[in-house]
Asker: 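Have a look at the structure that comes next, please.
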Amino acid sequence: MLLHRIEEVKSVIKDWKKEGFTVGLVPTMGALHAGHMSLIKKAKETCDKIVVSDFVNPIQFGPSEDFDKYPRTLDADVELCNKDGVDIVFAPSANEMYGEGNKLSNDVLTYVCPPFFYVNTLCGKSRTGHFDGVCTVVLKLFNIVQPDYAFFGQKDAQQVIIIKKMVSDLNVPVQIIQCPIVREESGLALSSRNKYLSEEGKKDALVLSKILNNIKSCYQKGITDVSALKETAYKFLTDKHDMEYLEIVDKNTLEDKSEADNNSIALIACRVDGVRLIDNIYLGE
């Protein structure tokens, strides 16, 4: 069923809890693709009832980012969810989530602010306030849905680490399930933003997975010096690639490493065709 109101969702959840059902939440911003469907599949394997949130969250976008043009495909999303046996698609308005007439700034709205160490790196460096917006909406969804489990994709690795930190620090009674990246046959990580890419841009975007796979291959051959591993990226880059960052850090804490090990993750952000894309790979798996 498609629901737009918080109280409607809470009413259904209350009945489910009375019946003893386990509840899974898959938070999304819509424009669903096979990556999202893999999260729903995992949720169905784990839980009795599934809620998918479909909400383009305004407070996690910066002033110059793509909020207005972010793909919105609610009808198609609901159809996909219905086919996959999702029990509720929760698609609130911004007013429903944050209050009528709310200006959505932290001058008037309570925000959840993750630790500075976790956000002053990787995507957080160029997207000031992004993870405040993410944590705020995710905690609201947790409070509304009261899930036993919540499912997130590894592609947004920094986001998952920060959400796990928030859940631990604030004693939120939900178990976070991280699911693997889903890729096109070409190796391109699935993303709602891939819709912005031209066919040529999709080919150019393969540089992200090529760089990461090459780093992992070099690591498996015995190269552990992080600087040396990062240097291997440059042979893949052309003037079509505007790389924002390439980092190798601890996969659980985001701490910098000078020597890679089996707990390391390599992460990359790069603009291709004017589209900001991210990807990552675990070196020890």
Side-chain angles (χ1 to χ4, degrees), residues 26-46 52 54 66 70-71 73 76-77 80-81 83-84 122-123 134 150-161 163 176-221 229-230 232-233 235-238 240-249 251-252 260 262-285:
V26 181
T28 84
M29 292 207 300
L32 302 185
H33 51 64
H36 297 111
M37 306 321 288
S38 72
L39 302 181
I40 292 170
K41 180 181 178 182
K42 182 65 175 177
K44 286 181 65 180
E45 292 171 354
T46 309
V52 172
D54 193 311
D66 58 348
Y70 195 87
T73 58
D77 295 344
L80 281 172
C81 287
K83 286 180 180 178
D84 269 35
L122 304 171
C123 291
V134 168
F151 300 83
F152 295 86
Q154 180 197 318
K155 187 178 75 69
D156 297 298
Q158 184 179 13
Q159 172 179 282
V160 181
I161 291 168
I163 288 170
I176 305 301
I177 306 294
Q178 180 174 312
C179 302
I181 296 172
V182 178
R183 300 182 181 276
E184 297 181 6
E185 285 187 19
S186 63
L188 180 64
L190 291 182
S191 168
S192 298
R193 287 187 169 92
N194 289 356
K195 293 182 179 181
Y196 301 155
L197 294 168
S198 65
E199 287 305 310
E200 190 65 27
K202 283 188 175 182
K203 293 177 184 176
D204 293 332
L206 294 177
V207 74
L208 280 80
S209 58
K210 287 178 180 177
I211 286 172
L212 294 174
N213 283 319
N214 186 61
I215 286 175
K216 182 169 183 174
S217 176
C218 290
Y219 170 73
Q220 290 176 335
K221 291 175 182 176
L229 289 170
K230 289 164 64 174
T232 65
K235 66 182 179 182
F236 295 98
L237 297 171
T238 71
K240 296 180 179 180
H241 305 114
D242 179 14
M243 191 164 72
E244 180 182 312
Y245 67 72
L246 173 63
E247 301 293 347
I248 298 172
V249 300
K251 68 180 183 181
N252 297 310
N262 286 343
N263 287 320
S264 298
I265 182 172
L267 308 100
I268 188 171
C270 186
R271 288 190 181 274
V272 179
D273 229 12
V275 182
R276 186 180 185 275
L277 302 172
I278 61 173
D279 202 348
N280 64 78
I281 196 168
Y282 291 132
L283 300 190
E285 296 180 6

Asker: Under the ring pair (Phe, Tyr, Trp, His ring centres under 6.0 Å) rule, collect the residues that match up with F152, sequence neighbours excluded.
Answerer: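 Partners of F152 by the ring pair (Phe, Tyr, Trp, His ring centres under 6.0 Å) criterion come out as none, since no residue qualifies.
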Asker: Can you tell me how far the CD1 atom of I265 sits from the NZ atom of K216, to the nearest 0.5 Å?
Answerer: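 If we round to the nearest 0.5 Å, I265:CD1 and K216:NZ are 10.5 Å apart.
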Asker: Distance-only, no hydrogens or angles: does the Y219 side chain make a donor-acceptor pair with backbone N or O of N262 under 3.5 Å?
Answerer: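 Pair found, side chain donor or acceptor close to backbone of N262.
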Asker: Determine the minimum heavy-atom distance between S264 and I248, stating which atoms define it.
Answerer: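 Between these two residues, the closest heavy atoms are CB-CG2, 3.9 Å.
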Asker: Could you work out, with side chain to side chain donor-acceptor pair (under 3.5 Å) as the rule, every residue matching T73, not counting sequence neighbours?
Answerer: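 In terms of side chain to side chain donor-acceptor pair (under 3.5 Å), with neighbours along the sequence ignored, T73 is linked to D77.
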Asker: Apply side-chain contact (heavy atoms from CB on, under 4.5 Å) to V272 and K240, showing your working.
Answerer: CA-CA 6 Å; V272 179; K240 296 180 179 180; 5.8 Å; no
Asker: Under the rule for ring pair (Phe, Tyr, Trp, His ring centres under 6.0 Å), what residues qualify as partners of H33, not counting sequence neighbours?
Answerer: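 Partners of H33 under the ring pair (Phe, Tyr, Trp, His ring centres under 6.0 Å) test: H36.
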Asker: Might you work through the side-chain contact (heavy atoms from CB on, under 4.5 Å) test for D66 and V275, ending with a clear yes or no?
Answerer: CA-CA 10 Å; D66 58 348; V275 182; over 6 Å; no
Asker: Would you please name every residue forming a side-chain contact (heavy atoms from CB on, under 4.5 Å) with K155, sequence neighbours left out?
Answerer: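 Per chain and number, K155 pairs via side-chain contact (heavy atoms from CB on, under 4.5 Å) with I181, A189, S191, I278.
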Asker: Please walk me through it: do I281 and I215 pass side-chain contact (heavy atoms from CB on, under 4.5 Å)?
Answerer: CA-CA 9 Å; I281 196 168; I215 286 175; 5.8 Å; no
Asker: If every non-hydrogen atom of A266 is compared with every non-hydrogen atom of L283, which pair is closest and at what distance?
Answerer: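 Scanning both residues completely, I find the closest heavy atoms to be CB-CD2, 4.2 Å.
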Asker: Sorted by first residue and then second, give each side chain to side chain donor-acceptor pair (under 3.5 Å) pair with at least one member in residues 267-283; sequence neighbours left out.
Answerer: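 Listed by first then second residue: Q154-N280, Q178-Y282, R183-D279, S198-D273, E244-R276.
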Asker: Please report the shortest heavy-atom distance between A260 and L229, naming the atom on each side.
Answerer: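 Heavy atoms of A260 and L229 come nearest at CB-CD1, 3.9 Å.
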Asker: Under the criterion side-chain contact (heavy atoms from CB on, under 4.5 Å), I'd like the reasoning laid out for L197 against L277: C-alpha separation, chi angles, the key distance, then a yes or no.
Answerer: CA-CA 10 Å; L197 294 168; L277 302 172; 4.1 Å; yes
Asker: List the atom of C123, the atom of Q158, and the distance in Å for their closest heavy-atom pair.
Answerer: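 Where C123 meets Q158 most closely, the heavy atoms are N-OE1, 3.0 Å.
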Asker: Applying side chain to side chain donor-acceptor pair (under 3.5 Å) as the test, list every pair that has at least one member in residues 199-210; sequence neighbours left out.
Answerer: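 Every pair satisfying side chain to side chain donor-acceptor pair (under 3.5 Å) with a residue in residues 199-210: there are none.
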